[in-house]
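See structure below.
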2 protein chains.
Amino acid sequence: MSGVREQKKKQTRKAIIDAAVKLFTEKGFEQTSMDELARAAGVGKSTIYGYFKAKEEVLLAYCEAELEFAFAALDRKVDEEASLVDQLVAHMMGQITFVTENREFGRIFAREMTFPGEKTRLRSRDLDMRYMNKLGEVLGRAQLRGELPAESELLLLIAHLHALYILVLSTIYSGDVTSLENAKIFCRSLVLQALHGPAAIAQAPVEVQAGWQGLRQQFLEQRKLEM
Amino acid sequence: MSGVREQKKKQTRKAIIDAAVKLFTEKGFEQTSMDELARAAGVGKSTIYGYFKAKEEVLLAYCEAELEFAFAALDRKVDEEASLVDQLVAHMMGQITFVTENREFGRIFAREMTFPGEKTRLRSRDLDMRYMNKLGEVLGRAQLRGELPAESELLLLIAHLHALYILVLSTIYSGDVTSLENAKIFCRSLVLQALHGPAAIAQAPVEVQAGWQGLRQQFLEQRKLEM
DNA sequence: ATTTAAAGTCGACTGCGGTCGAGATTTTAC
DNA sequence: GTAAAATCTCGACCGCAGTCGACTTTAAAT
């Protein structure tokens, strides 16, 4: 027996993550060097590599810690009585708001989650499983309420919605969407289309239509301008 | 006047891209250092940075060169008489096949295109405009044929399909999809759902249903296993 | 208690992307 | 033709992520 070693490892690990939370929050991910992180955590640099395979993996661990808060906030915000579309949009926007709070940090995170490197693959999976589970719950309830056809393939639908979330995030980083309000409009349009087909917008309330048309106009103008 | 300087710049630029095509193709992107690239191009290292803001921007230029071939091949492959779904799947798979030809290269590319850094933003836009235009053509034709409701919002639909493409690419890198055949099945399922709503699969031909169910099973087992 | 194996820790070191300032080359001005 | 300004080119240099091999601490074996 010997919890001694185990205990120390736990401590060290915690020290590293704590230091990461502090430094990443204070100065951002890219501005924090592994040397600094090591010094702040009170360990040698390569000790960190005994716990994490790469700097990005430290980021994901950091996110895991932060995500607890984010999800809790999300749960409080999402109204289970609201319409499916509203709930989905709320979820996606919650996630997006959290991720883009710090722009460059969000970019690294999004890249690592969407196209993980071999080293970060497993950890990134863990994280998005949580997100997908949340979506699954929302969809499951909607299905029970009859707001979704009983024969829907939930998993495929989750994937579909996940795709839309990634896209909206992508447009924020490509510069096509420049504010969270616009992101929300875009989200809603996409979700509507996903749930009700290509003609969804045409059948939607007039304010949704207007929102989308505004966005569309902005997009076209901006792309033209940059040529 | 003085084409002299201009000419030289053109030459130098070409030399860099040629060297990049050669080296990236031979040994991959990450395995090629900027020093090597400079030596191969016969210029000083920081000269490259006069032409490209970052190593990733060289990659995008390289892609621009290669993409010509890819698109041409795609055009030959996509049958304009085929059904909309078939055409869309063919397009997406063409793109995916090209990008994932070299795994690590594709990852960098996908990351840079989907969540571009400030330095590569403009160039990455150029590239995906081309892809989106292609999609637009396919959708436009389908609309004329009446295969798509007249009141469809084409731009929104393009965005939607683009999202699905990114997702499929993402699942390849996350390890959920492990072969191009599976990717194709996944593509088809998603496109069907996007065009015909959440119950699309249930109404689809039995072989499509079977394909999806197989994929679904694999996914569930694999995710369970890794815990 | 002592030896041996294993696990953990460390900072010096490597190779890379990217910058800097000096020097060469071209363009412009007179 | 020449001086001044602007542009382009270069490799030495910097900071950083990640590795290596030596050293220390803990666990197991006798």
Side-chain angles (χ1 to χ4, degrees), chain A residues 1-17 19-20 23-24 27-62 104-105 107-109 111-112 116-120 123, chain B residues 1-17 19-20 23-24 27-62 104-105 107-109 111-112 116-120 123:
Chain A
M1 71 172 171
S2 66
V4 184
R5 213 177 189 114
E6 285 300 313
Q7 196 120 7
K8 261 200 166 178
K9 281 185 72 173
K10 277 262 157 58
Q11 272 182 357
T12 307
R13 194 189 163 79
K14 183 166 174 352
I16 295 172
I17 293 187
L23 290 180
F24 289 174
K27 6 185 325 182
F29 177 73
E30 287 189 308
Q31 282 65 47
T32 303
S33 77
M34 291 300 268
D35 280 295
E36 279 178 287
L37 183 58
R39 226 174 306 125
V43 301
K45 179 153 74 152
S46 50
T47 299
I48 299 181
Y49 285 90
Y51 292 84
F52 303 95
K53 294 200 205 100
K55 192 185 180 189
E56 280 75 19
E57 208 183 326
V58 182
L59 179 75
L60 294 186
Y62 160 82
E104 62 96 5
F105 155 87
R107 173 163 38 229
I108 311 275
F109 178 74
R111 284 181 176 184
E112 216 58 50
E118 305 302 335
K119 287 180 180 171
T120 44
R123 194 173 288 266
Chain B
M1 74 179 170
S2 68
V4 182
R5 214 177 191 120
E6 285 300 312
Q7 196 121 7
K8 262 199 165 178
K9 281 186 72 174
K10 277 262 159 60
Q11 273 183 357
T12 307
R13 194 190 163 78
K14 182 165 175 355
I16 295 172
I17 293 187
L23 290 181
F24 290 173
K27 9 185 326 187
F29 178 73
E30 287 188 310
Q31 282 65 46
T32 303
S33 76
M34 290 301 268
D35 280 297
E36 280 177 288
L37 182 58
R39 227 175 305 125
V43 301
K45 180 156 71 152
S46 51
T47 298
I48 299 180
Y49 286 90
Y51 293 84
F52 304 94
K53 295 201 204 100
K55 193 184 181 190
E56 280 76 18
E57 208 184 325
V58 183
L59 179 75
L60 294 187
Y62 161 82
E104 64 95 5
F105 156 86
R107 172 162 39 228
I108 312 275
F109 178 74
R111 284 182 176 185
E112 215 59 49
E118 305 300 335
K119 288 181 181 172
T120 44
R123 195 172 288 267

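Quantities reported herein were computed from a predicted structural model and do not represent experimental measurements. Just so you know, these numbers use all the heavy atoms, side chains as well, and skip hydrogens, waters and symmetry mates. Protein chains get the first letters and strands the later ones, always in sequence-line order, with residue 1 at the start of each.
When every heavy atom of E57(A) is checked against every heavy atom of K53(A), the shortest pair comes out as OE1-N, 2.8 Å. Across all non-hydrogen atoms, the minimal contact from V58(A) to A20(A) is CG1-CB, 3.8 Å.
Remark: P of dA17(D) and CD of E57(A) are 15 Å apart, rounded to the nearest angstrom. Distance NZ (K9(A)) to C1' (dT25(D)): 14 Å, rounded to an integer number of Å. Counting to the nearest Å, the P atom of dG8(C) and the CD atom of Q11(A) are 14 Å from each other. Atom pair E112(A):CD and dA17(D):P shows a separation of 14 Å (rounding to whole Å applied). Protein atom CZ of R39(B) is 15 Å distant from nucleotide atom C1' of dA12(D), rounded to whole Å. Atom CD1 in I48(A) sits roughly 13 Å away from atom P in dT19(D) (whole-Å rounding). Rounded to whole Å, the distance from CZ on R13(B) to P on dT9(D) is 13 Å. Between the CD atom of E56(A) and the P atom of dC16(D) there is a distance of 15 Å, rounded to whole Å.
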side-chain contact (heavy atoms from CB on, under 4.5 Å), that's the test. Do F52(A) and L60(A) meet it? Break it down for me.
CA-CA 10 Å; F52(A) 303 95; L60(A) 294 186; over 6 Å; no
Applying side-chain contact (heavy atoms from CB on, under 4.5 Å) to E104(B) and R107(B), what does each step give before you reach the verdict?
CA-CA 5 Å; E104(B) 64 95 5; R107(B) 172 162 39 228; 4.3 Å; yes
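Test E112(A), E56(A), K55(A) against T120(A) for side chain to side chain donor-acceptor pair (under 3.5 Å) and you get one pass: E112(A).
Projected onto DNA chain D by closest heavy-atom contact, G50(B) and K53(A) fall at different nucleotides, the more 5' of which corresponds to G50(B).
Look at E36(B) and K45(B) and you find no salt bridge, because none of the NZ, NE, NH1 or NH2 atoms lies under 4.0 Å from a carboxylate O.
Remark: T12(B) is in phosphate contact with dT9(D), judged by side-chain N or O atoms under 4.0 Å from OP1 or OP2. Between K8(B) and the phosphate of dT26(C), there is a side-chain N or O to OP1/OP2 separation shorter than 4.0 Å.
Side chain of T12(A) to backbone of K8(A): a donor-acceptor contact under 3.5 angstrom is found.
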Per-nucleotide protein contact string for nucleotides 10-16 of chain C, where B marks a base within reach and S marks sugar-phosphate only (heavy atoms under 4.0 Å, - for neither):
BB----S
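With sequence neighbours excluded, the residues forming a ring-ring contact (aromatic ring centres under 6.0 Å, His included) with F29(B) are F24(B), listed by chain and number.
Backbone-only engagement by Y51(B) is indicated by non-hydrogen atom pairs under 4.0 Å involving sugar-phosphate atoms exclusively. Nucleic acid contact for A38(A): none, since no nucleic acid atom lies under 4.0 Å from a heavy atom of the residue.
Taking five base pairs at each end of the helix from dA1(C)-dT30(D) to dC30(C)-dG1(D) and finding the rotation axis that steps the C1' atoms of four pairs onto the next four gives two axes whose angle is 0°, to the nearest 10°.
Between Y62(A) and F109(A), the distance separating the two ring centers is not shorter than 6.0 angstrom.
Closest to the K119(A) side chain, of the nucleotides dT9(D), dT26(D), dG18(D), is dG18(D).
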